[in-house]
Chemist: 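Before I ask anything, let me first share the structure, which is written out below as structure tokens.
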Amino acid sequence: MVPCNYRAQDDEESWVEVPRTLGCLLQSSLQSNMLGPWCSPTGSPAPLSCETGCGEGTWILVCRLLVPTQVSLLSMEEDIDTRKINNSFLRDHSYATEADIISTVEFNHTGELLATGDKGGRVVIFQREQESKNQVHRRGEYNVYSTFQSHEPEFDYLKSLEIEEKINKIRWLPQQNAAYFLLSTNDKTVKLWKVSERDKRPEGYNLKDEEGRLRDPATITTLRVPVLRPMDLMVEATPRRVFANAHTYHINSISVNSDYETYMSADDLRINLWNFEITNQSFNIVDIKPANMEELTEVITAAEFHPHHCNTFVYSSSKGTIRLCDMRASALCDRHTKFFEEPEDPSNRSFFSEIISSISDVKFSHSGRCIMTRDYLTVKVWDLNMENRPVETYQVHDYLRSKLCSLYENDCIFDKFECVWNGSDSVIMTGSYNNFFRMFDRNTKRDVTLEASRENSKPRAILKPRKVCVGGKRRKDEISVDSLDFSKKILHTAWHPSENIIAVAATNNLYIFQDKVN
Amino acid sequence: MTRKSICQGTMLTRGLKRKCSEDEAPAGPLQRQSLLDMSLAKLQLCHMLAEPNLCRSVLIANTVRQIQEEMTQDGSWSLPGPQTAGRLPRDHLVSTEVLCRSAWAGPAPAPDPADLASALQAVPATQVPRAVPGGPWDRAVPGESQGGFPRSLDQVFGTLESHGPGAVEELLSDVGGSYCDLDAVLTGVVGGAKSGPEGLETFASVAAPPRGTSCKADLGELDHVVEILVET
């Protein structure tokens, strides 16, 4: 079957050679890198096993995907494999419009599907290529499975404001039958989508002919029973529920509850609890809007349900605090059960302290014992039993601390980076600027900076760790802080639930990397 | 936005170096003032956008408050001398008191409202605040009519919720060349923005929204009321 996405720099010939030469490539690259972060203290190269998170492995590019658009092709790159592409045409990355910018990425619970949402209100779902004996090396790649327009731009006539169609978040529901369900949301409206496959079609109707036109009953002389015949696989997406008109402010998070019957949506000042079956009502469970809007100094920035306890959820604020709430305590959870806040470091105080402490993302670990928060410069891991400080703090790009004024001027200081756990909660990942993204191994305390860029886009190419030079002499291969491209930011990443496969969104490109196993 | 991406492309653009060259050093009065100017400009820009990002606006406003508090503590505001509280109208005190009473939990005690009120009033108002054409501010609260009346920055927030289409022109007409003039800026920002119910009183007396199972039941809010009216 011809995949309907386009894989960048797809060179058929090189696939066959990969298993043989990969070992040699790795050998030579490790030797030339001297002591990179991947060397064990003795100086010998680290093993290739990916069993224990990122610290002991090497990351390779599986594929770089461009989100297909329904517009005629403007240009093709010279090195594209000119395969026939059914239904979709692709836009060269350099002509990508703002509508193609990926705004959210999410694996489903098995990792078989990967959904992306973009600024144009579209959802594109990729499916993992099945393993087959003939093409072993193709395993781990993702192809387009379904594309649909989830949200359209709307106009709020009362306020004379346009409601953006940008997809802020996608969350999958666990699979309960043959169909897949996901929630997608823009600033105001949440929708439940059903994605299902159809590979059979009934044929032999009595009242309709093969093209679907009604037959003249007078011409029917015999009766027959319609039979199901196989057809080309079709994936269709239908909106099953629309949850609208419950948010005055912009929705920043949605989270499916572990009971699979309810979910919550959070905007800047309120959090609502929904039942999947009921679209015209929701429960307001958190409301931090002050009676007098003049007194507003804090907003909700992210919220998530506990992975196992359906009564517990957390929400983060723009003041760097996290509140854990128990819905059994009261109907309106304005009073938190736990309050997580780290005391401010007086030596680091500046006018920007509050802004950089604003939490842009909060995620429970898969075990449910910890939460991870991302603020502008750090990622922090908190133990649910310790409220007064995080148990771990990781510096994402501390070299920006001295540049906060400039970053405030160009608004970069307000960028909202997300963070993710790996399947075993041993590694955490988050994005940065210049298309860099960072991984921190919680056990070995090692970290790595990698880059998602077209230059490193050879398939199966091993990613070379990157380093930012802070001051003094810049070594070869290092990049200085002033050369960083702040328009290239990695805000959205996702980690496969059980394997070391990651998806990294860079503008309109989706990079899929895999930790190479022997 | 294109402008944004161009600016973000490189770290140091022209204006930046001048303002932010000493990022490491604790902010002196000059940097503080330029930071204040920048922040107020950003807040003004908020009003011109389709729908302001509330989180960003809150963070910028908090930064402005922080700078203002530090400036008053430093005595950067020119104080003509202690004024008696009795001289100032009640409403005047209310608005500035809100400014002082902001959620900022700084180590220093909040400055005396009376001093602050007089201090803010004493900031030279080189631009006479214009009469806002046909807007609700024509019905001035006592104490307002003198002009040069500094509005609380918090009221900027009230306006973020519901600003009418006419707000943009009024804002633009009020924006002068210099943002150093705090009171003129604040007057300009607030003056044109609120197109709903009128006057300062509404800011102080918005009813607490009743809790309900449906989010549509926030009857204290004008926008919700109208939303409900339109939907039924």
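By convention in this document, chain letters (A, B, ...) are assigned in the order of the sequence lines, proteins followed by strands, and residues within each chain are numbered from 1.
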Chemist: Compute both the distance and the angle, then confirm whether B:Lys42 meets the cation-pi test with A:Phe414: under 6.0 Å from the six-membered ring centre, within 45 degrees of the axis.
Modeler: no
Chemist: Can a donor-acceptor pair be found between the side chains of A:Tyr408 and B:Thr63 at a distance below 3.5 Å?
Modeler: no
Chemist: Is it the case that more than 12 heavy atoms not belonging to A:Tyr157 sit under 6.0 Å from its OH atom?
Modeler: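 At most 12 heavy atoms, drawn from other residues, nucleotides or ligands, come within 6.0 Å of this atom.
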Chemist: OG1/A:Thr301 to CG/B:Leu59 distance, rounded to the nearest 0.5 angstrom?
Modeler: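 Answer rounded to 0.5 Å: 9.5 Å.
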Chemist: Say you draw a straight line from CG of A:Asp411 to CZ of B:Arg56; how long is it, rounded to the nearest 0.5 Å?
Modeler: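 Rounded to the nearest 0.5 Å, the CG-CZ separation comes out at 4.0 Å.
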Chemist: Of the non-hydrogen atoms in B:Gln66 and A:Ser350, which two are nearest, and what is the gap between them?
Modeler: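 Here B:Gln66 and A:Ser350 meet closest at NE2-O, 3.5 Å.
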Chemist: Heavy-atom cut-off 4.5 Å, strictly under: side chain, backbone, both or neither for A:Ile163 against chain B?
Modeler: neither
Chemist: Below 4.5 Å from any heavy atom of chain B, which atoms of A:Ser353 appear? Answer side chain, backbone, both or neither.
Modeler: neither
Chemist: Work out which heavy atom in A:Thr297 is nearest to a heavy atom in B:Val58; give both atom names and the distance.
Modeler: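 The answer is O-CG1, 3.2 Å.
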Chemist: Can you find a pair of side-chain heavy atoms, one from A:Phe351 and one from B:Asn62, that are under 4.5 Å apart?
Modeler: no
Chemist: How long is the gap from CG on B:Asn53 to NZ on A:Lys416, to the nearest 0.5 Å?
Modeler: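 NZ of A:Lys416 is found 6.0 Å from CG of B:Asn53.
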Chemist: A:Lys488 versus chain B, heavy atoms under 4.5 Å apart: side chain, backbone, both or neither?
Modeler: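 Neither part, no heavy atoms under 4.5 Å.
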Chemist: Going by heavy atoms in the side chains, are B:Gln31 and A:Cys405 under 4.5 Å from each other?
Modeler: no
Chemist: Within this structure, what is the CD1-OG distance for the pair A:Ile355 and B:Ser39, rounded to the nearest 0.5 Å?
Modeler: 7.0 Å
Chemist: Can you say whether A:Ser358 sits under 4.5 Å from chain B via the side chain, the backbone, both, or neither, judging by heavy atoms?
Modeler: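 Side chain only.
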Chemist: Using non-hydrogen atoms and a 4.5 Å limit, figure out which bit of A:Tyr433 sits close to chain B: side chain, backbone, both or neither.
Modeler: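 A:Tyr433 has no heavy atom closer than 4.5 Å to chain B.
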Chemist: Tell me, for A:Glu164 versus chain B, whether the close heavy atoms (under 4.5 Å) come from the side chain, the backbone, both or neither.
Modeler: neither
